[in-house]
Amino acid sequence: MLARNPVLNQSGPTEFVFRVLSTVPEIQALLFLLFLVLYLMILCGNTAIIWVVCTDSSLRTPMYFFLSNLSFVEICYTTVVVPLMLSNIFGAQKPIPLVGCGAQMFFFLTFGGADCFLLAIMAYDRYVAICHPLHYALIMTQKLCFQVVFGAMALALLLSLQLTALIFTLPFCGHHREINHFRCDVPPVLRLACADTHVHQAILYVVSILVLTVPFTVISVSYVFITVAILRIRSAEGRRRAFSTCSSHLTVVLLQYGCCALVYLRPQSSSTVDEDRQFALVYTFITPLLNPLIYTLRNKDVKGALKKAISSKGAAETL
């Protein structure tokens, strides 16, 4: 096992604090309001997707099954970070115990890794649906859908558990307790260690390749085949709609994987903590918000199901 010593027995500090985003009260209030609104929009948008997929029988297909799981994962990994982040915007720096920091890192890495795996699974699902439509029902069975989602969650949990355990066996310097970030992330926590972290950096790169590079390769290959299939569509309107949908999905994918790669795959010597924080804000707030918008505003089936559910609920309340 990677973790030989319990976290509580290490000789380093027992508490960390996060660096404040701003010391200006007006800016603090603005940041609090902005992040709170974004978080509520993420919760509402993704919860609406889960609700409509679970209640509308016409959406019980592999694509929407994966979409509802993606929404659930994004609710979880933003909730792991944002409430604590909001509580630290105002006032003095609030300490977080060592165990609490490790727990936040573990859960964020787990849900973040599962998010990356699910995006790759959804790309493969679209590849099968567009390139092999006659065999789609035979390939994407209900059993297979459950297996790949369970496998994605299990693999993400295993990798994050090993990485988090490895990080928190390091000794942390007593005079460096401030994490220059808004959450307990691997790179800023590694910077606080007063020991050689070359092995830990190498393992971080390996895990990042498994979580980021491999799924992104699957997505890229899938969309190459999807693009070839779209180009064969005779109708110009059909090609335009297909490319419009694909471009929206790829925008989210590039934001998610691009920003994560810049944080986790860049050499530590060529990156700064301020840059990492900016990139982290994108995949903490922007991509979880874009996913429900893209899959509802650009999807007639989901829009129709939402309108149907809202209208039927309104009719029931008037009776």
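Between Gly113 and Val211, the shortest heavy-atom distance links the atoms CA-CG1, 3.7 Å. Annotation for Glu74 and Pro288: closest pair OE1-CA, 3.5 Å, computed over non-hydrogen atoms. Here the closest heavy-atom approach between residue Leu138 and residue Thr141 is recorded as O-CG2, 3.3 Å. The shortest non-hydrogen separation linking Pro133 to Ile130 is CD-O, 3.6 Å. Closest approach of Ala114 and Ala156 over heavy atoms only: N-CB, 3.5 Å. Contact detail for Leu21 and Leu31: the closest heavy-atom pair is CB-CD1, 3.9 Å.
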Test side-chain contact (heavy atoms from CB on, under 4.5 Å) on Met63 and Arg126 and set out the steps.
-> CA-CA 8 Å; Met63 181 177 117; Arg126 290 299 83 205; 3.3 Å; yes
Pair Phe66-Val148, side-chain contact (heavy atoms from CB on, under 4.5 Å): steps then yes or no | CA-CA 10 Å; Phe66 296 138; Val148 293; 3.8 Å; yes
Derivation and outcome, side-chain contact (heavy atoms from CB on, under 4.5 Å), residues Gln162 and Ile203 = CA-CA 10 Å; Gln162 293 293 301; Ile203 294 175; over 6 Å; no
Carefully, step by step, assess Leu84 and Phe182 under the rule side-chain contact (heavy atoms from CB on, under 4.5 Å).
-> CA-CA 9 Å; Leu84 183 60; Phe182 56 83; over 6 Å; no
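Note: Tyr127 and His132 have perpendicular aromatic rings, judged against thresholds of 30 and 60 degrees for the angle between ring planes. The aromatic rings of Phe16 and Phe168 sit perpendicular, their planes meeting at an angle over 60°, well past the 30° parallel limit.
Taking hydrophobic clusters as Ile, Leu, Val, Met, Phe, Trp and Tyr residues chained together by side-chain heavy-atom distances below 4.5 Å, Leu161 shares a cluster with Leu212. In this structure, Val199 is a member of the same hydrophobic cluster as Ile209, with clusters built from ILVMFWY side-chain heavy atoms closer than 4.5 Å. Residues Leu265 and Val214 do not share a hydrophobic cluster, clusters being chains of Ile/Leu/Val/Met/Phe/Trp/Tyr side chains in contact below 4.5 Å. Hydrophobic cluster membership differs between Phe108 and Leu158, with clusters built from Ile, Leu, Val, Met, Phe, Trp and Tyr side chains linked at under 4.5 angstrom. Each of Val228 and Val218 belongs to its own hydrophobic cluster when Ile, Leu, Val, Met, Phe, Trp and Tyr are linked at side-chain heavy-atom distances under 4.5 angstrom.
Leu40 contributes atom CG, which lies 11.0 Å from atom CG of Leu289 (distance to the nearest 0.5 angstrom). Separation of atoms CD1 (Ile49) and SG (Cys44) is listed at 12.0 Å; rounding is to 0.5 Å. The distance from the CZ atom of Phe72 to the CG atom of Leu118 is 11.0 Å, given to the nearest 0.5 Å.
Looking only at distances, a side-chain donor or acceptor of Ser68 sits under 3.5 Å from a matching main-chain atom of Phe65. When atom types are taken as modelled, the side chain of Lys94 and the backbone of Val17 share no donor-acceptor pair closer than 3.5 angstrom. Distance alone, capped at 3.5 Å, is enough to place a donor-acceptor pair between the Arg60 side chain and the Cys54 backbone. When atom types are taken as modelled, the side chain of Asn46 and the backbone of Ile42 share a donor-acceptor pair closer than 3.5 angstrom. Using modelled atom types, no side-chain atom of Thr197 and backbone atom of His200 make a donor-acceptor pair closer than 3.5 Å.
Between Tyr283 and Leu255 the shortest side-chain heavy-atom distance does not fall below 4.5 Å. Two residues are said to be in side-chain contact when any heavy atoms from C-beta on lie closer than 4.5 Å; Cys101 and Ile179 meet this criterion. Counting only heavy atoms from C-beta outward, the side chains of Asn88 and Val20 never approach each other to under 4.5 Å. Under the 4.5 Å side-chain criterion, counting only non-hydrogen atoms from C-beta, Leu67 is in contact with Met122. Side chains of Phe90 and Phe32 form a contact here, defined as non-hydrogen atoms less than 4.5 Å apart.
Of the residues Thr79, Thr284, Thr78, the one that meets the side chain to side chain donor-acceptor pair (under 3.5 Å) test with Tyr39 is Thr79. Looking at Ile96, Val80, Thr164, Leu109 one by one, the single match for side-chain contact (heavy atoms from CB on, under 4.5 Å) with Cys184 turns out to be Ile96. For the ring pair (Phe, Tyr, Trp, His ring centres under 6.0 Å) with Tyr257, the lone residue among Phe216, Tyr264, Phe117 that qualifies is Phe216.
With sequence neighbours left out, His135 forms a side chain to side chain donor-acceptor pair (under 3.5 Å) with no residue at all. For Arg183, the salt bridge (charged side-chain N to carboxylate O under 4.0 Å, His left out) partners at least two apart in sequence or on another chain are Asp185.
A side-chain donor-acceptor contact under 3.5 Å links Asp125 and Tyr136.
Identified under the salt bridge (Lys or Arg N to Asp or Glu O under 4.0 Å) test for residues 16-40, with sequence neighbours left out: Arg19-Glu178.
By the 6.0 Å contact criterion, CD on Gln147 is enclosed, its count of non-hydrogen atoms from other residues, nucleotides or ligands being greater than 12.
Here the two rings, on Phe285 and Phe35, have centers that are under 6.0 Å apart.
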